Chemist: 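Got a structure for you, questions after.
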Amino acid sequence: MNYWLVKTEPATFSWEKLEKEGISMWDGVRNYQARNNLRKMRCNDLVLFYHSGKNPAIVGLAEVVKEHYPDPTAKEGDWSVVDIRPVRKFKRNITLQEIKQVKILENMVLLRNSRLSVQPVGLGEYQNLLNLEQEK
DNA sequence: GCCAACGTTGGC
DNA sequence: GCCAACGTTGGC
């Protein structure tokens with residue numbers, strides 16, 4: 001089992017929309033590194049769902065339900081999508097600001113390469129984030 | 001709205 | 001193959 005994080009502008013595709021749609025196709029990825037990460041996702045892998053823009057934060061947890069297949073929205077090029085579904089909304093948002101303050105999380109791709117929209121998350125990082133959620 | 005970081009494009 | 005120019009992302 002692997003752990004991931006996907007970023008999205010809430011105006012483009014929000015957590016609320018994911019909950020409303022249920023199983024959703026994660027399309028529109030047009031970055032090779034992000035695409036390659038999509039292709040490494042396996043069914044049942046867990047995906048932290050991150051809102052970028054105003055009040056950047058992890059807001060919920062999703063799950064991969066269908067492994068990669070060609071992106072039907074791509075007019076050209078070799079692009080992929082996966083299907084995800086919402087697992088649960090976090091009981092509170094874990095903000096970028098507080099993630100930055102946790103020493104153990106300083107190597108997260110989220111902080112090291114803030115522009116990568118589909119990124120791996122280490123097991124230790126994942127567990128730490130869940131612990132953070134329980135605090136406060 | 002600004003700007004840093006990163007990716008892509010295209011001339012040479 | 002290098003690099004300047006440009007476009008995009010995303011935090012602030």
Side-chain angles (χ1 to χ4, degrees):
Chain A
M1 160 104 81
N2 286 303
Y3 302 89
W4 308 93
L5 180 146
V6 295
K7 316 178 84 159
T8 172
E9 281 276 352
T12 308
F13 194 100
S14 63
W15 172 263
E16 289 69 30
K17 194 169 178 189
L18 179 70
E19 283 199 333
K20 195 176 168 191
E21 288 193 4
I23 292 175
S24 302
M25 187 173 69
W26 202 252
D27 63 17
V29 170
R30 296 294 181 270
N31 169 284
Y32 290 112
Q33 217 183 330
R35 182 203 67 183
N36 292 343
N37 285 332
L38 273 185
R39 290 180 177 178
K40 289 181 198 157
M41 289 183 176
R42 295 296 170 256
C43 279
N44 305 315
D45 278 2
L46 292 172
V47 181
L48 296 162
F49 198 94
Y50 178 93
H51 279 173
S52 62
K54 206 180 172 189
N55 306 318
I58 299 170
V59 298
L61 186 66
E63 176 188 29
V64 178
V65 293
K66 185 174 178 182
E67 294 177 11
H68 72 91
Y69 54 99
D71 187 341
T73 69
K75 293 188 188 72
E76 57 178 17
D78 181 18
W79 302 110
S80 295
V81 298
V82 296
D83 287 355
I84 63 172
R85 72 167 182 87
V87 173
R88 66 182 180 85
K89 183 174 166 59
F90 275 6
K91 69 180 191 183
R92 67 181 194 87
N93 291 354
I94 304 174
T95 65
L96 178 62
Q97 198 182 7
E98 63 182 304
I99 292 170
K100 281 182 168 176
Q101 288 165 7
V102 180
K103 179 77 177 162
I104 304 162
L105 298 177
E106 71 182 3
N107 286 323
M108 274 193 76
V109 180
L110 184 66
L111 305 182
R112 288 294 176 99
N113 181 1
S114 64
R115 293 184 28 154
L116 185 60
S117 64
V118 180
Q119 50 182 267
V121 174
L123 174 60
E125 292 167 348
Y126 171 78
Q127 288 171 340
N128 217 269
L129 290 164
L130 289 198
N131 287 340
L132 263 187
E133 181 199 2
Q134 302 306 321
E135 292 173 12
K136 288 187 183 174

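Proteins get letters first, then strands, A, B, ... in listed order; numbering begins at 1 in each. Predicted model only: the values in this text are computed from it and were never measured.
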Chemist: For A:Arg30 and B:dT8, what is the distance between atoms CZ and P respectively, to the nearest whole Å?
Modeler: 13 Å
Chemist: Does A:Lys7 place a side-chain N or O at less than 4.0 Å from the phosphate oxygens OP1/OP2 of C:dT8?
Modeler: no
Chemist: Provide, to the nearest angstrom, the distance between the CD1 atom belonging to A:Ile99 and the C1' atom belonging to C:dG11.
Modeler: 13 Å
Chemist: Of all the heavy-atom pairs spanning A:Lys89 and A:Glu16, show the shortest one and how long it is.
Modeler: NZ-OE2, 4.2 Å
Chemist: So, is A:Tyr32 near the phosphate of B:dC6, with a side-chain N or O under 4.0 Å from OP1 or OP2?
Modeler: no
Chemist: Keeping A:Asp45 on the side-chain end and A:Asn2 on the backbone end, is there a donor-acceptor pair under 3.5 Å?
Modeler: yes
Chemist: For A:Leu5 and C:dG10, give me the distance from atom CG to atom C1', rounded to whole Å.
Modeler: 14 Å
Chemist: Over how many whole Å does the gap from A:Leu96 atom CG to C:dG11 atom C1' extend?
Modeler: 7 Å
Chemist: Looking at A:Ala74 and A:Arg30, what are the two nearest heavy atoms and their distance?
Modeler: CA-NH2, 3.3 Å
Chemist: Let's go through A:Lys7 and A:Gln119 carefully: what are the C-alpha distance in whole Å and the side-chain angles of both, what is the deciding distance for side-chain hydrogen bond (donor to acceptor under 3.5 Å, both in side chains) to 0.1 Å, and is it a yes or a no?
Modeler: CA-CA 9 Å; A:Lys7 316 178 84 159; A:Gln119 50 182 267; over 6 Å; no
Chemist: Taking atom CD of A:Gln97 as the centre, report whether more than 12 heavy atoms of other residues, nucleotides or ligands fall under 6.0 Å from it.
Modeler: no
Chemist: What heavy-atom pair brings A:Tyr50 and A:Leu96 nearest, and what distance separates the two atoms?
Modeler: OH-CD2, 3.7 Å
Chemist: When the distance from CD1 of A:Ile58 to P of C:dG10 is rounded to whole Å, what number comes out?
Modeler: 14 Å
Chemist: Check whether any side-chain N or O of A:Ser24 sits under 3.5 Å from a backbone N or O of A:Gly22 as a donor-acceptor pair, and report yes or no.
Modeler: yes
Chemist: Please give the remaining members of the hydrophobic cluster of A:Val64, linking ILVMFWY side chains under 4.5 Å, ordered by chain and number.
Modeler: A:Trp4, A:Val6, A:Phe13, A:Trp15, A:Leu18, A:Trp26, A:Val29, A:Leu38, A:Met41, A:Val47, A:Phe49, A:Val59, A:Val82, A:Ile84, A:Val118
Chemist: I'd like a table of atom pairs between the protein and nucleotides 2-4 of chain C - only N or O on both sides, under 3.5 Å - with the distance next to each one.
Modeler:
none

Chemist: Atom CZ of A:Arg112 to atom P of C:dG10: distance rounded to whole Å?
Modeler: 19 Å
Chemist: Using a strict heavy-atom distance below 4.0 Å, which residues from residues 9-17 of chain A are in contact with DNA chain C?
Modeler: none
Chemist: Take the protein atom CG of A:Leu110 and the nucleotide atom P of C:dT9, then report the distance between them rounded to whole Å.
Modeler: 17 Å
Chemist: Stepwise, does the salt bridge (charged side-chain N to carboxylate O under 4.0 Å, His left out) test hold for A:Arg88 with A:Glu133?
Modeler: CA-CA 12 Å; A:Arg88 66 182 180 85; A:Glu133 181 199 2; 2.9 Å; yes
Chemist: Expressed as a whole number of angstroms, how long is the span from A:Arg115:CZ to C:dG10:C1'?
Modeler: 8 Å
